[in-house]
Amino acid sequence: MSEMDDSMETTPQSAGSVHSKKFQLREVVEMGEYDPDYLGTFAEWHTLSKPVQWSLIKKALDIRERQLVQQWAEINNILDFRLKPELKIALKNIEKKRHEVMRDREILLMEYFG
């Protein structure tokens, strides 16, 4: 990256071609990214007050939790689930991630308001 602005450059690959996309702070929050260290890589983050930063973190935490619940439900609703024991491992991993998100919520809440 040549300059640090309010975006982060990534290079997703699609159908053999490489495209560049600069994500904005609000876009990564909408994708469920809540890590303050990562959000701090956006210049805009440092212009926001602590309560506004917390608001974005909380929004991203809520989104991430909904994503995990949705993933869990999608796997749980697969036909012949009982015949596919490997899916139980996937469900356990999703449950573990969900518990991590809940733990992170508590830690971040204390960091921003403790």
Q) In terms of the angle between their ring planes, are Trp54 and Phe113 parallel, tilted or perpendicular, with boundaries placed at 30° and 60°? A) perpendicular

Q | Gap between atom CD of Glu44 and atom CG of Leu56 - 0.5 Å precision | A | 8.0 Å

Q) What closest approach, in Å, do Leu48 and Val52 show between heavy atoms, and which atom pair accounts for it? A) CD2-CG1, 3.9 Å

**Q.** Within one Ile-Leu-Val-Met-Phe-Trp-Tyr cluster: Val29 and Tyr38, side-chain cutoff 4.5 Å
**A.** yes

Q | side chain to side chain donor-acceptor pair (under 3.5 Å) contacts touching residues 88-99 (sequence neighbours left out) | A | Glu65-Arg98, Trp72-Glu95

Q. If you measure from NE2 on His46 to OG1 on Thr41, what distance do you get to the nearest 0.5 Å?
A. 7.5 Å

(Q) Give me the atom names and distance for the closest heavy-atom approach of Leu91 to Asn76. (A) CD1-OD1, 3.9 Å

(Q) Could you measure the distance from the CG atom of Leu68 to the CD1 atom of Ile63? Nearest 0.5 Å is fine. (A) 12.0 Å

Q: Rounded to the nearest 0.5 Å, what's the gap from CD on Glu111 to CD1 on Ile57? Could you check?
A: 7.0 Å

Q) Is the side chain of Glu33 donor-acceptor paired with the backbone N or O of Ala60 at a distance under 3.5 Å, no angle test? A) no

Q: Please round to the nearest 0.5 Å and tell me the distance separating atom CD1 of Ile94 and atom CG of Leu87.
A: 9.5 Å

May I have the list of side-chain donor-acceptor pairs in residues 103-110 shorter than 3.5 Å, sequence neighbours left out?
unit_1, atom_1, unit_2, atom_2, d
Asp104, OD2, Tyr34, OH, 2.5
Arg105, NH1, Asp62, OD1, 3.1
Arg105, NH2, Asp62, OD1, 2.9

**Q.** Test side-chain hydrogen bond (donor to acceptor under 3.5 Å, both in side chains) applied to Gln67 - qualifying residues, sequence neighbours left out
**A.** Arg64

Q) Can you name the closest pair of heavy atoms from Gly40 and Trp45 and give their distance? A) CA-CD1, 3.4 Å

